[in-house]
Novice: 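Just dropping this structure here.
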Amino acid sequence: MTFFSSRLGFAGIGTMGLPIARRLVAAGHVLTAWNRSPQPLSEAQAFGANTASSFAALVEEADIIFCAFANGSVLDAVLRRHGNTLGIQIADKTLIQLGTTSIEHSEQLARA
């Protein structure tokens, strides 16, 4: 499966995420979006993105998930991460973290 045939998901439709999601749809990708607050999702729908009702639903729908959250704490909350355990199953998925996190946080997330 290549990037161009993968089902894409985008979590964090905000200042940074919305333009990136828009460009992915404009490039011809089928994209499913999710955001913690629902208002930005209507803008994503307006340019052709599908929407998911929850982050778990987005992960189930997509093969590659872009995450554009403000920091590692938000990402941890969305993934329901406690130490090296995730409450959201992302096995066999590609998670691309676009937000600002420390190297240590990225390493901890990789172990989880």
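Residue indices begin at 1 and follow the sequence shown. Note that the structure is predicted; figures quoted are calculated from it, not measured.
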Novice: Which residues satisfy the side-chain hydrogen bond (donor to acceptor under 3.5 Å, both in side chains) test with Thr32, sequence neighbours excluded?
Specialist: none

Novice: State, to 0.1 Å, how close Ala21 and Leu31 come at their nearest heavy-atom pair, and which atoms those are.
Specialist: CB-CD2, 3.6 Å

Novice: For the residue pair Ala33 and Ala49, what are the closest heavy atoms and their distance?
Specialist: CB-CB, 4.5 Å

Novice: Would Leu24 and Leu8 count as a side chain to side chain contact (heavy atoms under 4.5 Å, CB included) here? Give the steps.
Specialist: CA-CA 9 Å; Leu24 287 167; Leu8 302 182; 4.3 Å; yes

Novice: What pairs of residues pass the salt bridge (charged side-chain N to carboxylate O under 4.0 Å, His left out) test when at least one of them lies in residues 65-78, not counting sequence neighbours?
Specialist: Asp76-Arg81

Novice: What residues, two or more places apart in sequence or in another chain, satisfy side-chain contact (heavy atoms from CB on, under 4.5 Å) together with Thr85?
Specialist: none

Novice: Who are the side-chain contact (heavy atoms from CB on, under 4.5 Å) partners of Thr100, not counting sequence neighbours?
Specialist: none

Novice: Is Asn35 reaching over with its side chain to a backbone N or O of Leu41, donor-acceptor style, under 3.5 angstrom?
Specialist: no

Novice: OG of Ser6 to NE2 of His29: how many Å apart, nearest 0.5 Å?
Specialist: 9.0 Å

Novice: Name all pairs fulfilling the salt bridge (charged side-chain N to carboxylate O under 4.0 Å, His left out) condition that reach into residues 84-96, sequence neighbours left out, sorted by first residue then second.
Specialist: none

Novice: Supply the atom-to-atom distance Ile20 CD1 to Ile96 CD1, rounded to the nearest 0.5 angstrom.
Specialist: 10.5 Å

Novice: At what distance, to the nearest 0.5 angstrom, does CD of Glu61 lie from CG of Asn50?
Specialist: 7.0 Å

Novice: What residues, two or more places apart in sequence or in another chain, satisfy side-chain hydrogen bond (donor to acceptor under 3.5 Å, both in side chains) together with Ser106?
Specialist: Thr101

Novice: Can you pull out every salt bridge (charged side-chain N to carboxylate O under 4.0 Å, His left out) where at least one residue sits in residues 14-28? Sequence neighbours excluded, please.
Specialist: Arg22-Glu43

Novice: Can you list the residues that meet the side-chain hydrogen bond (donor to acceptor under 3.5 Å, both in side chains) rule with Ser42, with sequence neighbours excluded?
Specialist: none

Novice: Other members of the hydrophobic cluster containing Val78, with the 4.5 Å side-chain heavy-atom rule, please.
Specialist: Trp34, Phe55, Leu58, Val59, Ile65, Phe69, Val74, Leu75, Leu79, Leu86, Ile88, Ile90, Leu95, Leu109

Novice: Name all pairs fulfilling the ring pair (Phe, Tyr, Trp, His ring centres under 6.0 Å) condition that reach into residues 72-94, sequence neighbours left out, sorted by first residue then second.
Specialist: none

Novice: Quick test of your reading: applying salt bridge (charged side-chain N to carboxylate O under 4.0 Å, His left out), list the pairs with at least one residue in residues 97-110, sequence neighbours left out, ordered by first then second residue.
Specialist: none

Novice: Does CD in Gln45 sit with more than 12 non-hydrogen atoms of other residues, nucleotides or ligands closer than 6.0 Å?
Specialist: yes

Novice: Could you pull out all donor-acceptor pairs under 3.5 Å where a side-chain atom in residues 10-18 meets a protein atom, sequence neighbours excluded?
Specialist:
none

